[in-house]
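This report concerns only the one structure given below.
Each chain gets a letter, A, B and so on, in the order its sequence line appears, and its residues count up from 1.
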Protein chains: 2
Amino acid sequence: MIETLKQHITNRLGKLPDNVELVLPHFEELVAKKGTLLLQPGEVCKYVYFIVEGCLQVYVVDKNGNESTREFYVEEQWTTDIFGFQNQIPSSEYIRCVESCKLLRIHFTSFQQLTAAVPQFAAIYKQILEVSYNNTVYRVNTLTSLDALDRIKWLMDHKPKIMSRLSSKLIASYLGISAETLTRLKSKI
Amino acid sequence: MIETLKQHITNRLGKLPDNVELVLPHFEELVAKKGTLLLQPGEVCKYVYFIVEGCLQVYVVDKNGNESTREFYVEEQWTTDIFGFQNQIPSSEYIRCVESCKLLRIHFTSFQQLTAAVPQFAAIYKQILEVSYNNTVYRVNTLTSLDALDRIKWLMDHKPKIMSRLSSKLIASYLGISAETLTRLKSKI
DNA sequence: TTAAAGTCTTGACATATGTCAAGCGTTTTC
DNA sequence: GAAAACGCTTGACATATGTCAAGACTTTAA
């Protein structure tokens, strides 16, 4: 599992064999089965997770008990409640394994140490932050400026793997519509 | 105007008189009247704006010509198309003055220089990035998990100044509803 | 292997929100 | 100061989407 992370990091930064070896020992392997909750609202997020295999869902639950998915993360992506993690304050979101997962996680203390000590690690963090922010900006704009049918098309075009890999119920919770509406609209494409 | 920025920076970082003087000369004053477009889709964003006075709207236009506002920014806030700016690629959003504005702007070149040379400036940028990301995450979650009435209440609770300061049409475009629906729902509170 | 749980689809109906139009008051502009 | 533009509210109606229920199919777990 560590090998995947090593590859991921060197891909991003070019060859830097020295500092990679500083970083890797701080990660801990974690195998979690489908349905495992890694974080709940009110809880302080202590880890950043790197996905070696599987899929994580970040979501909230509304007053009627419906889930709204903010984002799905898959292989070679990083997941955490960034703001809650950085400030060590309670989260407002759930993080759940929607498939069996092989994960690597790094603890808050190690993370802070590394960003301070290893510039390349800080650079990766900044990169992740900027990309995450950009994705979330896109997410707001698609949610507000596209109707349900166009959001489905958007998802098929931009995240075809997510579309085919997850259940309709999960996809619907990401698109902000009911599973029934998703079924009906898909037949119109 | 520069004095406001100086105050803003020292408030954030404590006293650091030396480096502030390195930063300030890179900013340029800009007065823009209501309606001025600072950025359009397809255009590469060359500046980061600091608002001394006024209000900026970041929005997109959908296929029917309707505006969807992603965010409003007011006094002492920073506005830019972060991702497009950092990567110098075309934006997908508009940035517009919805009031007469007094702004300070810093050019891409200066910005890169300063983040590389002045750690405190890089720290402010990281802070802004994290807060912006967090706000946008909240925005996704309120859009998908709250109905229109609860989104109005959310806005009144969390951004009362925005609510009273801007037109119903603008507020509605932020909430993802029509101006008529906003009128009707407000009477239910 | 079988029971239980979950998934997808479809129908009937309910509801929230949008659209268009009109009226009226306020603000802006020449 | 008059004309034009704009902003808010309300009504009538259209439409998109949600909710609930049922049936067929598939996957999971004992």
Between [atom2] on [N] and [atom1] on [X], what's the gap in Å once rounded to a whole number?
X	N	atom1	atom2	answer
B/D147	C/dG18	CG	P	12 Å
B/N66	C/dC20	CG	C1'	13 Å
B/N64	C/dG18	CG	C1'	11 Å
B/I171	D/dG7	CD1	P	13 Å
A/L149	D/dT15	CG	P	16 Å
A/L175	D/dT17	CG	C1'	13 Å
A/I177	C/dC8	CD1	C1'	14 Å
B/K188	D/dT9	NZ	C1'	15 Å

No-H, no-angle donor-acceptor pair, B/E180 side chain to C/dC20 base, under 3.5 Å: yes

Nearest-nucleotide comparison on DNA chain C, the residue closer to the 5′ end among B/K34 and A/L166: A/L166

Check: B/Y174 ring centre within less than 6.0 Å of B/F72 ring centre: yes

Whether [X] and [Y] hold their rings parallel, tilted or perpendicular, with breakpoints at 30° and 60°:
X	Y	value
A/F85	A/F111	perpendicular
A/Y133	B/Y133	perpendicular
B/Y49	B/Y47	tilted

Please check the phosphate of [N] (OP1 and OP2 only) for any side-chain N or O of [X] closer than 4.0 Å.
X	N	value
A/T181	D/dT17	no
B/T183	D/dT9	yes
B/S168	D/dG7	no

Sugar-phosphate, base or nothing in reach of B/A148, heavy atoms under 4.0 Å: sugar-phosphate

Nucleotide nearest A/R184 when distance is taken to its side chain, options C/dT17, C/dG11, C/dC8: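 When the side chain of A/R184 is considered, C/dG11 is the closest of C/dT17, C/dG11, C/dC8.
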
Selection from D/dG7, D/dC20, D/dT10 that lies nearest to any side-chain heavy atom of B/K169: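 The listed nucleotide nearest to B/K169's side chain is D/dG7.
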
For B/Y125, the option from B/Q120, B/Q86, B/E130 that meets side chain to side chain donor-acceptor pair (under 3.5 Å):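 Of all the options given, the one that passes is B/Q86.
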
